[in-house]
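Quick note on labels: first sequence line is chain A, next is B, and so on, each numbered from 1.
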Amino acid sequence: MKRIQLPLTKEVIQTLRIGEKVYLNGPMFTGRDAAHRRLVETLERGEKLPIPINGITIFYVGPSPARPGQIIGSAGPTTSYRMDDYTPRLLEEGLLGMIGKGRRSSFVRQAIREHGAVYFAALGGAGALAAQAIVSAKVVAYPDLGAEAIHALEVKDFPVVVAVDATGASVYEREEKTHV
Amino acid sequence: MREINVNKVRDAVEKMCIEANLALTEDVQIAMKNALEAEINPLAKEVLEDLIKNERVASESKVPICQDTGMAVVFVDLGQEVALVGGSLEEAIHAGVRTGYEKGYLRKSVVKSPITRVNTKDNTPAVIHYRVVAGNQIRLRFAPKGFGSENMGRLGMLKPSDGREGVLAFVVETVRAAGPNACPPLVIGVGVGGTMEKACLLAKEQLLRNVGEPAMEQEARELEEELMERIEALDIGPQGFGGKTTALAVHAALFPTHIAGLPVCVNINCHVARHRERVI
């Protein structure tokens, strides 16, 4: 069982290869469609972001509400390609890790390579299981977005598969190569 | 005429919202188990085991199986000998969704305008499809539809000369393009014929069938069998990491169409193939 400590470093990312299953430990932020749009619009206006982007990992998730006594509701990944248009800009700001599911565009894979970043896939449609690896959750930005608000999460042995590594290779390319 | 109070519809919808999101029906559970037994790729097996475990954790801890608890889709078959009392049927359905999503701690995923995108905060409105049928009962079928898979659906207005092979190729290409994005293993609804919207409605309705139950009609059944074979050969596998388990089932339906057309719609569901039914 390969455990990876968050926040990530470029050195650690260099050791990761596509298809490898690893367990993440430490802090990360949530962010999906609406939050990404706001982050990038804030940067375009030259304003300060509500979260420190340098070195962080963003998990593409909009959790379901927690029941009383629970830390978080169901919290599996959403489909990543919808964040592609915003991703290169955030990588420029120092974003190092992303967690989602599904393919990334070639321009995103290229930006991941240029910045020495990494993209992980979590299990899509397994949000109840993912929630068990989340030890704390707190809304830290855009509370008006509800499920789409940015949460600060702390995870313990959160299972992911390396989907695009720092060379820009994709775990899904096997299938793309065979059938395109 | 048989009187039915719309509050009964509201309560049934509320219950179905919660039940569907916390536990899969037996047909889907069996399909997942069968897939695990048939799968040979080790990573694919591991993924299937985790997905089955997830469903158990969801039921036990009352945490939704998937955080995308969907947009509420309701098919209403209204018996023509039913007299509805107590208010508006449509409002009763929306009310059931509103309270179901609140009481069930389900995610509210609906935005009022697709352009300006402000959340309605109660997961309404539902998407409702009505049909007036014979009899004195109301049949309600409910599916919370997640958009990871919904986004991967496709409509093709094929030419008659594209024929059966064109239909098969269109469906397979849609599944290939969806790949890992739609959370395989998938349940694939296919509607062939009718008009543009009829093909889509047929495709959606096929997602409400019990998973793995073959179509009654032979022509549709043969399409399902051939599509399953071709889709298995794609080697997409659970979550797109490879393996034979790309689809749990293909459900197809045909409808008469125009001399000039061959509409085909593919509506995709993920492995969390939620569907519930109540008859009042």
Q) Measuring heavy-atom distances to chain A, does B:Glu55 have an atom under 4.5 Å in its side chain, in its backbone, in both, or in neither? A) neither
(Q) With a 4.5 Å cut-off on side-chain heavy atoms, are B:Tyr101 and A:Pro65 touching? (A) no
Q. Okay, side chain of A:Arg67, backbone of B:Lys62: is any donor-acceptor separation there less than 3.5 Å?
A. yes
Q. Can you tell me if B:Gln67 uses its side chain to pair, donor with acceptor, with the backbone of A:Gly76 under 3.5 Å?
A. yes
Q | For chain A, the option from B:Ile65, B:Leu43, B:Val272 that forms the most heavy-atom pairs under 4.5 Å | A | B:Ile65
(Q) Is A:Ala75 in contact with chain B via its backbone, its side chain, both, or neither, using a 4.5 Å heavy-atom distance? (A) backbone
Q: For each of B:Val118, B:Leu106, B:Asn21, B:Asn119, tally heavy-atom pairs with chain A at distances under 4.5 Å, and name the one with the top tally.
A: B:Leu106
Q: For the pair A:Arg32 and B:Asp68, find out whether any cationic side-chain nitrogen is under 4.0 Å from an anionic carboxylate oxygen.
A: no
Q) For B:Glu102, does the CD atom have more than 12 heavy-atom neighbours from other residues, nucleotides or ligands under 6.0 Å away? A) no
(Q) So for atom NZ, which belongs to B:Lys121, do other residues, nucleotides or ligands contribute more than 12 heavy atoms lying within a distance under 6.0 Å? (A) yes
Q.
Checking an interface table here. Which of residues 36-57 of chain A come within a heavy-atom distance under 4.5 Å of chain B?
A. none
**Q.** Any donor-acceptor pair under 3.5 Å from B:Asn181 side chain to A:Arg103 backbone
**A.** yes
Q: Could you check which of A:Gly102, A:Gly124, A:Gly73 has the highest count of heavy-atom pairs closer than 4.5 Å to chain B?
A: A:Gly124
Q.
Need one label for B:Ile52: side chain, backbone, both or neither, based on atoms under 4.5 Å from any heavy atom in chain A.
A. neither
**Q.** Largest heavy-atom contact set with chain B, pairs under 4.5 Å, which of A:Ala130, A:Pro77, A:Ser64, A:Ala34
**A.** A:Ser64
Q.
Quick check for you: among A:Ala128, A:Ala131, A:Ala147, which has the greatest number of heavy-atom pairs under 4.5 Å with chain B?
A. A:Ala128
Q | Most chain A-contacting option - heavy-atom pairs closer than 4.5 Å, from B:Thr69, B:Val57, B:Val47 | A | B:Val57
Q | Engaged part of A:Pro159 at the chain B interface, taking heavy atoms whose separation is under 4.5 Å | A | neither
**Q.** Region of A:Gln70 in contact with chain B, defined by heavy-atom distances below 4.5 Å
**A.** side chain
Q) Among A:Gly62, A:Gly146, A:Ala66, A:Gly100, which has the most heavy-atom pairs under 4.5 Å with chain B? A) A:Gly62
(Q) Within the 4.5 Å heavy-atom criterion, are B:Val63 and A:Ser74 side-chain neighbours or not? (A) yes
Q: Determine whether B:Asn54 and A:Leu123 make a side-chain contact, defined as any pair of heavy atoms from C-beta on separated by less than 4.5 Å.
A: no
Q) Are B:Arg117 and A:Asp33 side-chain neighbours, meaning at least one heavy-atom pair lies under 4.5 Å? A) no
Q: Please look at A:Ala163 and chain B and tell me whether the side chain, the backbone, both or neither of the residue comes under 4.5 angstrom of a heavy atom of that chain.
A: neither
